[in-house]
Structures are given as C-alpha cells and as structure tokens.
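Structure, as structure tokens:
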Amino acid sequence: MQHWSQAKITAFQDALLTWYDQEKRDLPWRQDHEPYHIWVSEIMLQQTQVQTVIPYYQRFMTTFPTVTALAAAPEDKLLRAWAGLGYYSRVRNMQKAAQQVVEDYQGVWPQTAAELEKLAGIGPYTAGAIASIAFNQSIPAIDGNAFRVFARLFEIDADIAKPQTRQIFYDVIEEVIATERPGDFNQAIMDLGSSYMTAKNPDSAHSPVRDFNQAYLDGKELDYPVKSKKPRPIAMDYFALVIKTPTGYLFEQRPSNGMLAELWTVPLIKWSELAEKPSELLLPDLVKLATNQFLTNTQIQLAPMLLGGRPVTHTFTHQKWLITLLYAELAQKPDLSYFPGRVVAPTDFIELAQPKVQLKIWQRYQQLGGH
DNA sequence: CACGCGTGGAA
DNA sequence: TTTCCAAGCGT
C-alpha cells in the first residue's frame, strides 16, 4: 500500500470538501448538528438506504422530539415508530441508550467516541459518526462506503468482512482525515461512496477525487473492496393462520428474542415444528391441528380453506420464508387463555407494530377476497 | 470471531 | 428469479 505525502493529503481534502460544499445532499438530519438528530439518523441508516430512512426519520422526530421523550416512551409506541424498518433490536437499544443519556449523563451527551461507544447500540462506526459530526472530533467513521472508498484509493486488499481489518482502515483514514472539518470529511466520503464510487456501477471518471483513486487509475476498480461472501438464506416453510372471529382477526405477539421480536403477526406455524405432519391432502386436519395448539373449546364453523396456490415469500438476511395461508372462521369469540395474542378489528390494525412480512400476508389475503 | 438480525433496490 | 449490496451492532 502506498503512502501519501502531506501535500497529496491536503490536495485530497481540498478536492473532497470543495465538492461536498457544492454538492452535498440536503437531508433532514443535516439541518443542524444536534447530537440527538445525528444519533437517530445514524442508527436508522445502519444497513439501510437513505431514501428508506427519510420518512421514518421525519415521523420519528415528530413522535419523539427529544432524547427525554424517547427515554420515556412506551414500548408499543416505540415499535410502531420503527415497524417496517427492520433490525428491530436497533430501536430497543436506542431507548436503552436514551435512558443512559438521561440517567447517567443528566441528558447531556458525552462527546468522545470512547464514551459514546458505551451507549447501547453505538459501535465504532456510529460513535465515530456522532463524535465527528455533532462534536467536531477528528476521528474516522468507517461504514461500508468508507471501506469501499479507501480500499480503492489505496488498493487495500484486506477482507473488509473480517473484524480485524477495521484497524488497517482506521490507521489510513486517521492520516488523511481533515482535522479541521472531520464531520464534513466523513460525510463527504459517504456521499462519494453512494454517488461516484458505488459498489456496482461506479463513475470514477467524473469523481472529484478521480486522480487519487489508485484502483481506478490502474483499471482495477472493481477488484476493491475485497469482501468474503455470506451463505445464502435457508428456505423455511410456514403456515399463516388467518382466523376470523365475530369481532376481528387473531394476532399474536412474537417472542422477545429472535426474529421480529415483539412484533405482531397472525399466528405463524413453522412446518418443522409441527408435532404431527399431516399430508397436504388433509389440509382441514392441518388447520385443526395448528389451531388446537392454542385454541381450546373452539368450533371451527366453516370448512377451513387453503388460500393461495403459491406461498407468500419473504427473504430475510439468513432465512427465506415460504408461507402458505390457511383460513378459518370462528362462530364465537375463542378462549384466549393460552394464546399470547389478541383479537383485533381491522380498524385497529394500525395500533400494532407489524413487520413487512405480515403486511405481505395480509395483502395476499385481501387479494384472495378476504376483508 | 462468526453469526443472527429486516428490508428495499438494482441488475 | 436470484444475487448482491446499503450510513453495523450485540453476543
């Protein structure tokens, strides 16, 4: 790996920051440098694209205008504000961190990356981002963009999927970061990574730092960054039970650990966890078997129906769910003593924090004539 | 350290 | 359709 002279470093900073001053995106969280605003945006932006985050950020700020409001929020309101964004532990950690700020720091944010990293949900990237953007601390903020940009600028071939690689990049960035404007420097690198120096179709020929991009100059841009691949999602079969009662539909809250923790869905039965596995030719039996897991003394009034020939599919990072919809209608309100959920009228669905997969299930149900 | 954890967009 | 990627963190 090459080593830049001080003159080259200065020229790079000038080119980058001049471009950033002219072309930086006007984003809702760039209106000011309030640590609360920077923090919320950074958590939302973890593994999530800018255009997805914008409406969530705006609603979140209306709902929870201050760190104090967030610290005191009831869990259902909290989850509703996050529903659909994914990686739901982020919002639970966020409330823990808000409570830490209010209780341990009397509502005044710590200003160093080391202190910020002690807060729940704040790791090395987010700590660097907040410290540099909100508090003007000269410290790297290394996200996927920064890995890609600097891997190309310096032709660094260390595998960015390996945790120990971070130190290599940290040392490089520490040398070239603009110490007078660290927050703008870090954000400029991220803007660069999402515009000219993208992963797939980069346009480095027109990049403001074209002449500093060694991989581009060598015609090897797409060789960087080096990143080991992850295994593909494992297919899993589920049944979704759409159960209509006189006053609404059955919903259950998922366990507090694991996938989609504490979010609301119609009852989902994992095929691999069914004690008995009836033949697909006996679907009425299957519905009865599944419902009997949690509904006692219940008459299923109408013949259960299989809904939808092809399953609803939803792909997560590690799992691909293939969900077959089953429908049943109950003549009476069921006994919910052993059922971790509630009967919800369609007009009250908005009160539930529902993941995207549940919205897909409901969409399919409606397409098939449900209401 | 390797893995679990959501979702949407691009090609 | 499949694959990969996107402002990561906790365990």
Side-chain angles (χ1 to χ4, degrees), chain A residues 24-25 27-30 37-57 79 82-94 96-97 116-130 132-133 140-149 159-167 169 183 185-195 197-202 222 225 227-236 254-263 265 310 313-322 353-360:
Chain A
K24 69 176 175 184
R25 290 173 288 179
L27 300 169
W29 47 89
R30 285 182 175 173
H37 297 163
I38 305 302
W39 171 60
V40 171
S41 69
E42 290 300 340
I43 300 294
M44 287 187 170
L45 286 161
Q46 288 170 8
Q47 303 287 280
T48 311
Q49 296 183 343
V50 167
Q51 53 201 41
T52 305
V53 165
I54 289 173
Y56 278 90
Y57 176 84
L79 273 180
W82 207 267
L85 250 193
Y87 286 144
Y88 297 96
S89 65
R90 286 186 293 176
V91 72
R92 278 186 285 273
N93 282 330
M94 242 167 92
K96 279 184 210 159
L116 288 162
E117 254 191 89
K118 294 178 183 171
L119 302 175
I122 296 184
Y125 162 72
T126 307
I130 299 172
S132 63
I133 299 169
I142 314 172
D143 70 332
N145 288 306
F147 274 124
R148 182 173 57 259
V149 167
D159 184 353
I160 65 169
K162 306 264 184 221
Q164 60 202 48
T165 300
R166 172 173 295 272
Q167 188 63 46
F169 283 78
F185 179 92
N186 285 333
Q187 291 181 92
I189 293 296
M190 293 188 271
D191 275 17
L192 194 59
S194 59
S195 56
M197 295 183 66
T198 51
K200 286 188 178 170
N201 294 306
L222 295 181
K227 186 179 185 182
S228 54
K229 298 187 177 173
K230 300 196 169 169
R232 36 189 303 187
I234 297 165
M236 306 182 74
R254 295 181 56 82
S256 52
N257 293 314
M259 296 275 300
L260 308 175
E262 294 181 49
L263 275 78
T265 66
R310 73 197 149 85
T313 64
H314 189 80
T315 306
F316 302 94
T317 309
H318 295 80
Q319 299 174 13
K320 179 176 184 176
W321 288 7
L322 305 168
Q354 300 175 39
K356 290 290 182 182
V357 62
Q358 168 58 33
L359 300 183
K360 278 192 194 175

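The sequence lines fix the lettering, A, B, ..., with proteins before strands; numbering per chain opens at 1. On a predicted model such as this, the values are computed, not experimentally measured, just so you know. Values reported hereafter were calculated over all heavy atoms of this structure, with side chains retained and with hydrogens, waters and symmetry mates removed.
Across all strands shown, B/dA10 pairs with C/dT3; the Watson-Crick or G-U wobble distances both stay below 3.5 Å.
Heavy atoms of A/Lys360 sit nowhere under 4.0 angstrom from any nucleic acid atom. Within the nucleic acid shown, A/Trp82 has no heavy atom closer than 4.0 Å to any nucleic acid atom. Within the nucleic acid shown, A/Gln51 comes within 4.0 Å of sugar-phosphate atoms alone, with no base atom in reach, counting heavy atoms only.
A straight line from CE of A/Met259 to P of B/dT7 spans 8 Å, rounded to a whole angstrom. In this structure, A/Lys230 atom NZ and C/dC5 atom P are separated by 10 Å, rounded to whole Å. Distance CD (A/Gln47) to P (B/dG6): 12 Å, rounded to an integer number of Å. The interatomic distance linking A/Ile142 (CD1) with C/dC9 (P) rounds to 11 Å, in whole Å.
As rounded to the nearest Å, B/dC1 and C/dG10 have C1' atoms that lie 13 Å from one another. When the P atom is used for both B/dG6 and C/dT11, the distance is 14 Å, rounded to whole Å. Across B/dC5 and C/dA6, the matching P atoms stand 22 Å from one another, rounded to whole Å.
Taking for each of A/Ile122 and A/Ser41 the nucleotide of DNA chain C with the nearest heavy atom, the 5'-most of the two is the partner of A/Ser41. Of the two residues near DNA chain B, A/His314 and A/Ala161, the one whose nearest nucleotide lies more 5' is A/Ala161.
Aromatic ring centres of A/His314 and A/Phe316: separated by under 6.0 Å.
At a cut-off of 3.5 angstrom, the base of B/dG6 holds at least one donor-acceptor pair with the side chain of A/Thr317. In this model, no side-chain donor or acceptor of A/Ser89 finds a partner on the base of B/dG4 within 3.5 Å.
Dashed line: the shortest gap from a side-chain N or O of A/His318 to OP1 or OP2 of B/dG4 is under 4.0 Å. Applying the 4.0 Å criterion to OP1 and OP2 of B/dG8, one finds that A/Lys356 has a side-chain N or O inside that range.
With hydrogens and angles ignored, the 3.5 Å screen pairs a side-chain donor or acceptor of A/Arg90 with a backbone N or O of A/Met44.
With a 4.5 Å cut-off on side-chain heavy atoms, A/Phe185 and A/Ser132 do not count as touching.
Closest heavy-atom contact between A/Pro225 and A/Phe147: CB-O, 4.3 Å.
Taking a cutoff of 4.0 Å between a charged side-chain nitrogen and a carboxylate oxygen, A/Lys24 and A/Asp191 do not qualify as a salt bridge.
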